Protein chains: 4
Amino acid sequence: MLLNLDPRSNTPIWEQVVHQIKELILKEILQPEDKLPSVRELSGTLLINPNTVSKAYQELERQGIIETLRGKGTFVSASITPKADEQKIAEMKQQFKQLVIDASYLGIDQQTLSLWLKEITEELGGNNDND
Amino acid sequence: MLLNLDPRSNTPIWEQVVHQIKELILKEILQPEDKLPSVRELSGTLLINPNTVSKAYQELERQGIIETLRGKGTFVSASITPKADEQKIAEMKQQFKQLVIDASYLGIDQQTLSLWLKEITEELGGNNDND
Amino acid sequence: MLLNLDPRSNTPIWEQVVHQIKELILKEILQPEDKLPSVRELSGTLLINPNTVSKAYQELERQGIIETLRGKGTFVSASITPKADEQKIAEMKQQFKQLVIDASYLGIDQQTLSLWLKEITEELGGNNDND
Amino acid sequence: MLLNLDPRSNTPIWEQVVHQIKELILKEILQPEDKLPSVRELSGTLLINPNTVSKAYQELERQGIIETLRGKGTFVSASITPKADEQKIAEMKQQFKQLVIDASYLGIDQQTLSLWLKEITEELGGNNDND
DNA sequence: GTGGTCTAGACCACT
DNA sequence: GTGGTCTAGACCACA
């Protein structure tokens, strides 16, 4: 499993790992019940510390996206139920607004954002039918 | 000038200040050439550390959104030219993607995001006719 | 013998086995002198590692609850004498306290706990008349 | 702030810290808005690693019991709202049952447990009126 | 000053 | 083999 990490980014490495694994699952590259690489293995591949991977895995587990089976390893959850947490949705909308504002100052208008949204949705939902 | 700051939020306070001033400008509540409150004044109003306000102003200046005239104060720039910095646009798209992914795990679909986008654009651009 | 094991739980599987066998004995579903399934048999039924069952049996034997007769198998002890180990009782009280604290933060009050205690005692002690 | 830590216990140190802080809050020794010792300070007092304290604080924050204000420190939340999470309550009842079972094998009967429950509740709810 | 992140490396319990 | 915990010590951003 290869992830794209940027150690210079402001977003912590463990969070980048979380994001990208979530993306892989959405794209169905990682499927329910699939085994994730072990903490040591992934830390070796990504050239980061095991603790950092561990933190990412723990966060993913906290979100109900993966599960760890004692002594066996870590697996993608069989059923990922979205929690409609009101508060988090409000936060997300707020983030979204800030993003739109920042975009505006980069000269990006609504149409472009709308296009991006479409592109991204297709990229994520486009599964692997035509592989 | 009243801003809505949340000290519990993960986004640093100076960044919240930056965001909200940018929003006020987009909404044309703050207009070009308008004078901003002094660092000391604003820090007093918002009950935050002057250094924090200062950092926010520096960032806004760096983005070309406000200008400091020595001895006179700080003013909204007369003309804010969007910098079409390719790299920053790519970063923004990346951010956007991560947001869509996170939204997806909260059960928020494309339609909802599309709606939000429309709402936000209207809220911001209400008087952006002559751009 | 069917036990309810949850591989996702935080309590180790061998401990879940220990708990549930203790429960079966309390409920007199397993009676003194009854033969327990062999390690291999039980591990096959429960689809878990033989080492795990073995560890559970060892723990139960350590507590004096079951006995192994070489070449014959494993049996529920004829007389289970509660050890009034002061230290263990103190530990238990400590555990109990932590549980009450955690319950409190979940909005569970003393009355509810008291009710639970009654329920559980009835469930377990239904035929404990002649102790 | 002095906590009683047992490095030999099975429960991890960070969890012991979490438990005991929760207890201090219930006893109103720590009151809403109170500042907790800094990570470094507490780690110095308890002779444990700062990371361990940090982990405890992060868990407490995740539970909504404390809040961190960037650069200022960590504080007891003003209002702690118990979340009536069905699933967690079920888990708690399960734990409670296992505890009753274990107690039974130590010769502790329902009456004793009932007494303990009363004692503990009084200890926790007894505030600091008579200090 | 504060907490958050990361590395290095160790030890442990579980399967 | 697996993940979880802990220590030691470093660096950074925030206020």
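Reminder, nothing fancy here: chain letters follow the sequence lines and each chain counts from 1. Values reported hereafter were calculated over all heavy atoms of this structure, with side chains retained and with hydrogens, waters and symmetry mates removed. As the structure is a computational prediction, the values presented were derived from the model and not from experiment.
- The side chain of D/K72 contributes no N or O atom lying less than 4.0 Å from OP1 or OP2 of E/dG1.
- Tested against D/Y57, the residues D/L36, D/V18, D/T68 include a single side-chain contact (heavy atoms from CB on, under 4.5 Å) partner, D/L36.
- In the displayed structure, C/L69 atom CG is contacted under 6.0 Å by more than 12 heavy atoms of other residues, nucleotides or ligands.
- Rounded to an integer number of Å, the gap from CG of B/D6 to P of F/dC14 is 16 Å.
- The A/N51 side chain lies nearest to F/dT5 when the options are F/dT2, F/dT5, F/dC14.
- Across the protein-nucleic acid pair, A/R40 atom CZ and E/dA8 atom P stand 15 Å apart, rounded to whole Å.
- Of the residues D/H19, D/K27, D/Q20, the one that meets the side-chain hydrogen bond (donor to acceptor under 3.5 Å, both in side chains) test with D/E23 is D/K27.
- Residue-to-nucleotide proximity on DNA chain E shows that, of D/Y57 and A/G71, the 5′-proximal contact is made by D/Y57.
- Distance, D/I66 CD1 to E/dT2 P: 15 Å, rounded to whole Å.
- Look at CG on D/N49: it is 5 Å from P on F/dT7, rounded to the nearest Å.
- Residue C/I48 is classed as having no contact, given no heavy-atom separation below 4.0 Å to the nucleic acid.
- When rounded to the nearest whole Å, the span between CD of A/Q16 and C1' of E/dT5 equals 12 Å.
- Positionally, the nearest nucleotide of DNA chain F for D/L47 lies more toward the 5' end than for the other of B/P12 and D/L47.
- We find that CD of A/E61 is positioned 17 Å from P of F/dT2, with the value rounded to whole Å.
- Side-chain contact annotation: A/Q63 with A/E59, donor-acceptor N/O pair under 3.5 Å present.
- Residue B/K55 places none of its side-chain N or O atoms closer than 4.0 Å to OP1 or OP2 of F/dA15.
- Closest approach to the B/W14 side chain among E/dT5, F/dC14, E/dA8 is made by F/dC14 (side chain taken as heavy atoms from C-beta onward).
- Around the CZ atom of C/R40, the shell of radius 6.0 Å holds no more than 12 heavy atoms that belong to other residues, nucleotides or ligands.
- The partner of F/dC14, taking Watson-Crick or G-U wobble pairs whose two distances both stay under 3.5 Å, is E/dG1.
- Applying the 4.0 Å criterion to OP1 and OP2 of E/dG3, one finds that D/T68 has every side-chain N and O outside that range.
- A sub-4.0 Å separation between OP1 or OP2 of F/dG3 and a side-chain N or O of A/Q58 is absent.
- An OP1 or OP2 oxygen of E/dG3 is reached within less than 4.0 angstrom by no side-chain nitrogen or oxygen of D/S54.
- One finds a side-chain N or O of A/T52 lying less than 4.0 angstrom from the OP1 or OP2 phosphate oxygen of E/dT7.
- Within a 6.0 Å radius of CG in C/D6, more than 12 heavy atoms belonging to other residues, nucleotides or ligands are found.
- As rounded to whole Å, 7 Å separates atom P of E/dC14 from atom CD of C/E15.
- For D/T74, a side-chain nitrogen or oxygen approaches OP1 or OP2 of E/dG3 to under 4.0 Å.
- Two residues, C/T11 and A/I13, neighbour DNA chain E, and the one matched to the more 5' nucleotide by heavy-atom proximity is A/I13.
- Using a 4.0 Å heavy-atom criterion, one finds that D/L69 contacts no nucleic acid atom at all.
- With rounding to whole Å, A/L60 atom CG is found 12 Å from F/dG4 atom P.
- Contact check, D/R70 against F/dA15: a side-chain N or O comes under 4.0 Å of OP1 or OP2.
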